Amino acid sequence: MAAKQHKALVIVESPAKARKIGEYLGKDYIVLASMGHVRDLPSGAAEVPAELKKEQWATLGVNIDQQFEPVYVVPKDKKKTVKELKDALKTCSELILATDEDREGESIGWHLMKLLEPKVPVSRMVFSEITKDAIQKAIRNTRELDQNLVEAQETRRVVDRLYGYRLSPLLWKKVAPRLSAGRVQSVAVRVLVRRELERLAFRKGSYWDLKAALATASSARFDAALATVGGQRVAQGRDFDESTGRLKTDADVLLLDEAQSKALQTKLEESRDWVVSNVETRLQTRKPYPPFTTSTLQQEANRKLGLSARETMQIAQRLYENGFITYMRTDSVSLSQEAISASRACVTNRYGQEFLHPEVRQYTTKSKSAQEAHEAIRPAGVEMKTAEELSLNGREGALYAMIWKRTVATQMAEAQLRFQTVTIGTLDVEFRATGRHVEFAGFFRAYVEGSDDPEGALEDSEAALPPMEKGQQLTCKEVQALAHETKPPARYTEATLVKTLEEEGIGRPSTYASIIGTIQDRGYVRKQGNQLVPTFTAMAVTKLLEKNFSRLVDLQFTARMEQDLDDIANGQAERLPYLKSFYSGETGLDEQVKQNEAGIDPREACTLDIDGVNAKVRLGKFGAFFEGEREGQLVTATIPDDIAPADLTNELAEKLITQKSQGPQSLGIDPESGLPIFLLIGPFGPYLQLGEMKDGEKPRRVSIPKTRDVSTVKLEDALEYMKLPKTLGPHPETGKVVKAGIGMYGPYVHHDKTYKSLDKTDDILQMTMERALELLAQARVRVPVAPLKELGAHPVDGDPVQIFEGKYGPYIKHGKTNATIPKDRELDSVTIEEAVRLLDERVAKGGGSTGRRGGKKVTKKAAAKKAAASAELVTPKKAAPKKKAAKKATKKSVT
DNA sequence: CAGTGAGCGAGCTTCCGCTTGACTT
């Protein structure tokens with residue numbers, strides 16, 4: 001008796017948006033969220049509809065013989081959403097598609113229509129800011145779905161699928177299983193690899209110069225740097241060629257070495273005649289930076305707050321969901337009227353009229369690929385409350401404060417700076433000093449990019465010089481000779497990589513963070529502090545792609561694709577000719593892959609020629625290794641995991657190969673057993689072994705802690721390490737023994753049931769009872785949690801079955817198996833029989849019973865299993881060193 | 001918890017872009 005109410009169903013993409021829009025539209029509308037895309041190409045064999053499985057193109061999900069017709073499926077995690085939307089539509093008399101106003105949003109709208117098969121009128125509503133006015137206006141001005149835009153999206157989707165799913169399998173065959181290639185990731189990796197090669201080619205250059213501390217009669221001292229000698233400019237870093245480490249041939253400069261600079265220093269120290277020969281002043285105005293987009297927010301949060309792109313997005317998501325900021329995935333720098341007037345009011349109140357920019361400042365997006373479906377990231381609403389006023393603290397507060405400052409600053413006055421360059425002459429030598437003075441702080445008052453503390457930054461920038469005029473006499477307090485070395489081009493960080501990708505139009509706001517995740521998960525990149533370091537695998541894959549698919553890994557590929565997609569969106573081109581030219585024919589992707597499948601030698605693809613290193617670098621199943629020759633024999637030697645490609649030197653290669661060819665080196669003989677002690681390197685790092693391997697019998701082994709420099713381990717210490725675990729003595733309180741040893745997770749002390757890892761600064765060989773007690777006192781005491789209820793013994797093994805309170809509500813525990821209790825279930829009425837049934841169901845479902853910190857391989861498998869979302873999937877036996885779970889499991893690899 | 005760069009092998013891996021909860025000591 002569902003008397004059809006005359007309500008309209010409005011579908012947007014995000015639930016937070018749905019809530020807000022629901023408020024503005026009132027009770028005649030039901031506003032729901034699609035949660036992004038609702039249909040997609042099948043992601044793998046498991047999702048391909050049964051009737052298509054036997055098709056050649058099944059796993060592509062695109063019928064390449066029939067006009068590249070895509071196969072669309074509703075992914076498992078979207079089934080629920082789709083059902084909810086269908087149910088809601090049954091009660092409505094109108095459907096309004098209010099997905100984002102961009103290519104992807106238009107497509108989501110179209111897919112929704114295909115899926116929901118509405119029998120009621122459908123319209124398309126768009127808006128770019130979420131205010132009551134804007135929404136009400138938008139709903140009065142609906143339009144039709146734009147089929148051209150939908151087609152452009154589908155073309156994008158198909159190109160990405162064909163690119164990724166044709167090239168990746170080629171990499172599996174030629175380089176290593178589970179690798180991947182893609183329009184975005186392969187270019188990202190290539191960017192990192194090219195920089196690494198520049199670093200590899202880099203040769204250090206060194207030069208000297210002088211620094212003089214000078215002062216006027218009345219001023220404090222200031223520094224000036226040597227500029228010219230005898231009229232010739234003195235060499236600086238930029239005069240050096242990075243690949244030779246020598247002066248560029250066209251550089252007409254004077255290169256000073258140590259002796260020359262020190263001689264000059266002595267000479268100048270005696271000079272009493274220092275005169276200002278020139279004073280130049282230049283005024284500069286600085287405009288505030290545009291408000292944040294996803295990309296600039298990620299860059300700035302990485303620089304200022306040390307957050308990864310992913311962390312930034314997680315925090316921003318929370319701020320957005322709680323209504324503190326506008327939508328965080330955007331490529332637009334435009335601010336709504338609401339935001340502009342709120343910011344201007346805020347500037348006047350907080351800093352005064354003089355700090356307000358006289359006119360409204362609006363920014364326009366430069367990026368060509370921008371789609372601008374949202375406004376810039378800014379504090380939501382009209383009040384412009386500060387983080388303190390909103391009681392935000394921690395990382396949320398810090399990120400919000402950054403957004404607040406950047407937004408408010410956009411409406412502030414320009415900053416006025418005065419730069420001064422003073423040239424000082426003495427003998428035949430010139431020195432130069434530059435000063436900067438902030439004439440008017442303007443927006444600096446609120447915000448200085450790259451600096452966390454505007455006030456402090458203002459003072460720093462006050463490196464002004466004392467007033468000086470031409471001909472003025474100065475006194476010299478000190479002259480120093482300084483050595484300099486040129487530095488290789490810096491590795492990319494998350495911030496600089498995101499910046500580069502955005503500039504090239506590669507990737508979208510919603511994907512910057514996940515790109516960085518993907519290239520790490522696939523083992524192309526490793527993070528070292530803030531640096532992104534490409535691996536040898538990345539080098540090999542990039543080499544293969546550059547050589548055989550140069551068009552596809554060109555930085556311009558995406559930009560060109562975007563132009564074609566624009567043409568399709570404008571109705572000036574069609575998808576089919578574009579897809580054909582990309583995939584089919586002589587020069588198409590299909591043919592290229594086929595040729596290379598036959599043509600590429602896997603052994604060659606896995607071999608790298610490194611400039612300056614005689615040995616070959618090759619990729620094996622267990623990582624990269626050197627292959628060299630000793631006495632006519634091929635010798636292979638593992639390259640340690642923490643060695644980056646640019647760190648390779650011929651010396652390192654020779655050393656490792658020699659070591660390997662000589663076999664295990666004995667550090668000496670253990671006097672007790674008479675056996676030699678070997679220093680060896682295994683998959684988990686260096687370790688010591690007493691005696692040779694005998695069949696069946698494993699010799700005694702002990703790891704060397706990561707904190708210890710292996711080259712300093714001599715027989716004496718080796719003997720000490722071999723004594724581990726050793727007893728330190730009885731615990732003064734319990735009388736039970738306290739031990740020190742090295743285990744899976746590194747060096748530890750142990751007492752009773754408590755284990756505690758040593759600090760980085762502790763040396764296990766120097767461990768004393770006193771320090772051990774200190775460490776044990778720090779150990780987290782495991783208080784056994786009392787069960788909520790005992791259900792009795794399990795019928796199979798007699799172990800107890802108990803109910804515990806967990807983070808997500810009560811659960812049943814038996815051994816290592818946990819099972820959820822259905823939400824609506826009364827705890828008191830759960831019987832042992834029911835509990836056993838729930839536990840069995842849990843086991844049958846798979847997963848869940850393995851401890852997270854258990855065996856490392858188990859953890860990985862469990863995670864891989866989850867990802868595959870397939871119940872009976874058997875994970876292959878081959879150990880994959882870098883996989884999905886790698887992020888969470890990295891800690892395990894520490895000895 | 002350990003020395004390799006691979007021998008047999010069914011069926012699997014993989015893309016980009018849009019969006020949240022998911023589930024469990």
Side-chain angles (χ1 to χ4, degrees), chain A residues 12-17 33-38 40-41 43-46 59-61 77-78 80-81 99-100 102-105 107-108 153 156-172 177-186 317 321 329 507-511 514-515 518 522 606 618-625 627 636-638 660 664 680-687 689 693 698 701-703 743-744 782 785 804-811 813 816 818-820 842 847-848 851-853 855-856 864 866-868 870 873-877 880 883 895:
Chain A
V12 297
E13 292 179 40
S14 140
K17 233 187 249 179
S34 75
M35 312 275 193
H37 277 290
V38 284
D40 193 10
L41 303 175
S43 70
T59 49
L60 284 179
D77 60 330
K78 287 292 164 57
K80 199 172 143 216
T81 310
T99 45
D100 294 349
D102 57 18
R103 201 162 62 209
E104 298 296 325
S107 168
I108 294 173
Q153 191 279 343
R156 196 278 304 157
R157 183 68 190 89
V158 170
V159 166
D160 282 336
R161 169 53 62 95
L162 295 173
Y163 186 134
Y165 275 37
R166 286 306 309 271
L167 287 188
S168 300
L170 185 69
L171 297 180
W172 305 339
R178 272 177 281 274
L179 291 177
S180 60
R183 172 176 57 84
V184 171
Q185 59 170 285
S186 294
Q317 175 89 27
E321 280 171 8
R329 287 185 276 263
R508 301 278 310 133
S510 66
T511 60
S514 54
I515 293 164
T518 301
R522 301 279 169 271
C606 289
R618 301 194 48 213
L619 284 171
K621 199 169 170 184
F622 308 104
F625 60 96
E627 189 177 83
T636 62
T638 303
K660 181 69 185 295
L680 302 161
I681 295 172
F684 309 105
Y687 66 100
Q689 176 173 300
M693 280 281 273
K698 268 192 188 173
R701 287 168 170 160
V702 61
S703 286
M744 277 217 288
R782 271 180 188 250
V785 185
F804 283 93
E805 182 62 42
K807 201 156 73 177
Y808 310 94
Y811 63 96
K813 184 176 187 67
K816 282 182 176 170
N818 299 317
T820 314
R842 179 74 203 142
R852 281 224 122 166
R853 287 164 196 279
K856 57 190 196 306
K866 248 187 202 164
S870 159
L873 173 94
V874 179
T875 317
K877 251 192 125 173
K883 289 220 321 209
T895 330

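Just so you know, these numbers come straight off a predicted model, no measurement behind them. By convention in this document, chain letters (A, B, ...) are assigned in the order of the sequence lines, proteins followed by strands, and residues within each chain are numbered from 1.
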Minimum-distance nucleotide (side-chain atoms of [X] versus [options]):
X: A:V184; options: B:dT20, B:dG17, B:dT14; value: B:dG17
X: A:E321; options: B:dC16, B:dT19, B:dT20; value: B:dT20
X: A:S168; options: B:dC15, B:dT13, B:dT19; value: B:dC15
X: A:D100; options: B:dC18, B:dA2, B:dT20; value: B:dC18
X: A:Q185; options: B:dT19, B:dA2, B:dC16; value: B:dC16
X: A:H37; options: B:dT14, B:dT20, B:dC18; value: B:dC18
X: A:Q317; options: B:dC18, B:dC16, B:dT20; value: B:dT20

Touch class at under 4.0 angstrom, heavy-atom based, for [X] against every strand present:
X: A:G105; result: nothing
X: A:A33; result: nothing
X: A:D40; result: base
X: A:T636; result: base
X: A:L162; result: nothing

So that I can tick it off, tell me whether A:D100 and A:K17 are bridged by a salt bridge, with the cut-off set at under 4.0 angstrom between side-chain N and carboxylate O.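 Salt bridge between A:K17 and A:D100, a charged N being under 4.0 Å from a carboxylate O: yes.
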Is the aromatic ring of A:W172 within stacking range of B:dT13, meaning centres under 5.5 angstrom and planes under 30 degrees?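 Given the distance and angle limits, yes, they stack.
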If you assign A:A45 and A:T511 each to the DNA chain B nucleotide with the nearest heavy atom, which residue ends up on the more 5' nucleotide?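 Here A:A45 is the residue nearer the 5' end.
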Without decimals, in angstroms, what is the distance between [X] [atom1] and [N] [atom2]?
X: A:E627; N: B:dA6; atom1: CD; atom2: P; answer: 9 Å
X: A:I515; N: B:dC15; atom1: CD1; atom2: C1'; answer: 12 Å
X: A:K78; N: B:dG21; atom1: NZ; atom2: P; answer: 12 Å
X: A:E104; N: B:dC16; atom1: CD; atom2: C1'; answer: 8 Å

For DNA chain B, the dot-bracket pattern of Watson-Crick and G-U pairs whose distances stay under 3.5 Å, | for other-strand partners: .........................
Could you go through the side-chain contact (heavy atoms from CB on, under 4.5 Å) check for A:K80 and A:M35 one step at a time? CA-CA 11 Å; A:K80 199 172 143 216; A:M35 312 275 193; over 6 Å; no
Pairwise distance OG(A:S14) to CD(A:Q317) - rounded to 0.5 angstrom: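 Reported to 0.5 Å precision, the distance equals 7.5 Å.
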Distance between C1' atoms of B:dG9 and B:dT13 (Å, rounded):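 Their C1' atoms lie roughly 16 Å apart.
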Can any side-chain N or O of A:T518 pair as donor or acceptor with the backbone N or O of A:S514 at less than 3.5 Å?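 Yes, A:T518 side chain to A:S514 backbone: donor-acceptor pair under 3.5 Å.
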